[in-house]
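What's counted below: heavy atoms across the whole structure, side chains too, no hydrogens, waters or symmetry copies.
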Amino acid sequence: MGKIIAIANQKGGVGKTTTAINLAACLAVTNKRTLLVDIDPQANSTSGLGVHREQLRRSFYHTLILGDDIKSIIRETELSKLHLAPSDRNLAGAEIELIEFERRELRLREILQPVKADYDFLIIDCPPSLGLLTVNALAAADSVLVPVQCEYFALEGVSAIWDTLVRVRRTLNPNLSVEGFLLTMYDERTKLSAQVMSDLRDFLGGQVFETAIPRNVKLAEAPSHGKPIILYDIKSKGADSYLRLAKEVIGNGKKGLR
């Protein structure tokens, strides 16, 4: 039975989609069957794997709102072990449409159950908000991975997502665990990055991944080419960091969640 990991943070620009794409790809190249589920209406995980709007006849909207079988929308990628459930702009109105559904917070959990056994990992790329789509992801997930940008307001963002996790655990998903907090856009040349890392490790302890994702030009370029970093530049620091992160995530499964 696959492990569902939601990549979530209500702040935009923290490397959430970059992490979803590249963690999924790096899990796939370690021979783990992986499904990347894009539930962000911006569809950046979808385009970041080389799938564009004009290529889509169906997206996750058709599954979430119209009831299509999720297997009918899943697409192959350049990596044999990595599949994609794509998003498009239709999802922008999904939160309003979901209000009319019974058990609306559990819709995603029910959708993923039939394919959970087909994969080792299911990675959910959430919107940069704490709305109904993200709540669905947290209700469906076994764990949540929170990217945290190395900036001054990082701890404030952590507090907000932590409050949401507590509420979801209490009301929808008591088994939701923290996969880890991931430091992103780390710049070893600046005192600020070092200070944020130190503060987060003091505050969250072992829940912070050992791997930190550096600021890296190749990581920023790869999505415009529709490729994960390991296919765009395997020798880059970005590729190395996400491969190390994938090993940590695999290791979490062996030793139990944080």
Side-chain angles (χ1 to χ4, degrees), residues 2 4-25 27-28 33-79 82-99 101 104-116 118-119 121-141 144-147 222-229 231:
I4 301 176
I5 302 175
I7 313 290
N9 192 323
Q10 80 284 359
K11 288 173 66 66
V14 298
K16 177 183 56 62
T17 295
T18 298
T19 295
I21 293 170
N22 290 299
L23 173 59
L27 289 169
R33 297 166 301 159
T34 305
L35 175 64
L36 177 55
V37 182
D38 189 355
I39 66 167
D40 186 345
Q42 297 177 85
N44 290 332
S45 277
T46 298
S47 62
L49 286 178
V51 178
H52 300 286
R53 285 197 305 272
E54 59 273 14
Q55 299 174 269
L56 286 177
R57 294 180 61 190
R58 293 177 177 172
S59 72
F60 197 75
Y61 173 84
H62 295 81
T63 296
L64 185 68
I65 302 300
L66 303 182
D68 288 5
D69 187 336
I70 189 172
K71 292 182 180 180
S72 72
I73 70 161
I74 291 175
R75 302 174 64 101
E76 296 181 348
T77 72
E78 287 188 72
L79 297 169
L82 177 61
H83 290 170
L84 170 69
S87 174
D88 66 14
R89 292 179 181 175
N90 287 317
L91 268 180
E95 295 200 354
I96 295 173
E97 294 179 79
L98 278 171
I99 292 172
F101 284 72
R104 56 184 174 269
E105 297 90 351
L106 302 178
R107 180 89 175 130
L108 182 56
R109 179 192 295 178
E110 294 164 355
I111 287 169
L112 293 180
Q113 281 305 309
V115 296
K116 191 174 181 183
D118 297 337
Y119 298 96
F121 290 94
L122 297 88
I123 306 297
I124 306 174
D125 183 19
C126 300
S129 70
L130 296 178
L132 196 49
L133 287 172
T134 298
V135 169
N136 259 267
L138 297 177
V144 58
L145 188 157
V146 183
S224 67
H225 295 269
K227 294 180 182 293
I229 189 63
L231 293 181

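S59 is not listed as a side-chain neighbour of I73, based on a closest heavy-atom distance of 4.5 Å or more. L49 places none of its side-chain heavy atoms less than 4.5 Å from the side chain of R75. The shortest side-chain heavy-atom distance between I7 and P147 falls under the 4.5 Å cut-off. You'll find the side chain of I65 stays beyond 4.5 Å of the side chain of N90, heavy atoms only. Inter-residue side-chain proximity for T77 and P228 is flagged as unmet; no heavy-atom pair is nearer than 4.5 Å. In this structure, I111 and V37 have side chains that are not in contact, with every pair of non-hydrogen atoms separated by 4.5 Å or more.
Under the 3.5 Å distance criterion, the side-chain polar atoms of R109 are matched with a main-chain donor or acceptor of A139. Remark: the backbone N or O of P127 is not paired with any side-chain donor or acceptor of Q42 at under 3.5 angstrom. Under a 3.5 Å cut-off, the side chain of E95 and the backbone N or O of L132 do form a donor-acceptor pair.
Heavy atoms of other residues, nucleotides or ligands lying less than 6.0 angstrom from CD1 of I96 number 12 at most.
Listed by chain and number, the residues in a side chain to side chain donor-acceptor pair (under 3.5 Å) with S87 amount to none (sequence neighbours excluded). Every residue two or more places apart in sequence or in another chain was checked for a ring pair (Phe, Tyr, Trp, His ring centres under 6.0 Å) with H62, and none qualifies. With sequence neighbours excluded, the residues forming a side chain to side chain donor-acceptor pair (under 3.5 Å) with K116 are D142, listed by chain and number. Qualifying side chain to side chain contact (heavy atoms under 4.5 Å, CB included) partners for T34, counting only residues two or more places apart in sequence or in other chains: A24, L27, A28, K32, L82, F121, I123. With sequence neighbours excluded, the residues satisfying side chain to side chain contact (heavy atoms under 4.5 Å, CB included) with S47 are N44, H52.
Taking CG of L35 as the start and CD1 of I70 as the end, the distance is 6.0 Å to the nearest 0.5 Å. One finds the CD atom of E110 at 9.0 Å from the CG atom of N136 (value rounded to the nearest 0.5 Å). To the nearest 0.5 Å, the span separating OG1 on T19 from CG on N9 amounts to 10.5 Å. Y61 contributes atom OH, which lies 14.5 Å from atom CG of L56 (distance to the nearest 0.5 angstrom).
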Q) How far apart are the C-alpha atoms of D88 and T46, what are their side-chain angles, what is the distance that settles it, and do they pass the side-chain contact (heavy atoms from CB on, under 4.5 Å) test? A) CA-CA 8 Å; D88 66 14; T46 298; over 6 Å; no
Q: Go through I39 and L64 one step at a time and tell me if the side-chain contact (heavy atoms from CB on, under 4.5 Å) criterion holds.
A: CA-CA 9 Å; I39 66 167; L64 185 68; over 6 Å; no
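Of the options V144, L36, L112, I5, a side chain to side chain contact (heavy atoms under 4.5 Å, CB included) to I124 is made by L112 and by none of the others.
Within the structure, salt bridge (Lys or Arg N to Asp or Glu O under 4.0 Å) contacts touching residues 36-50 (residues at least two apart or in different chains) are K16-D40.
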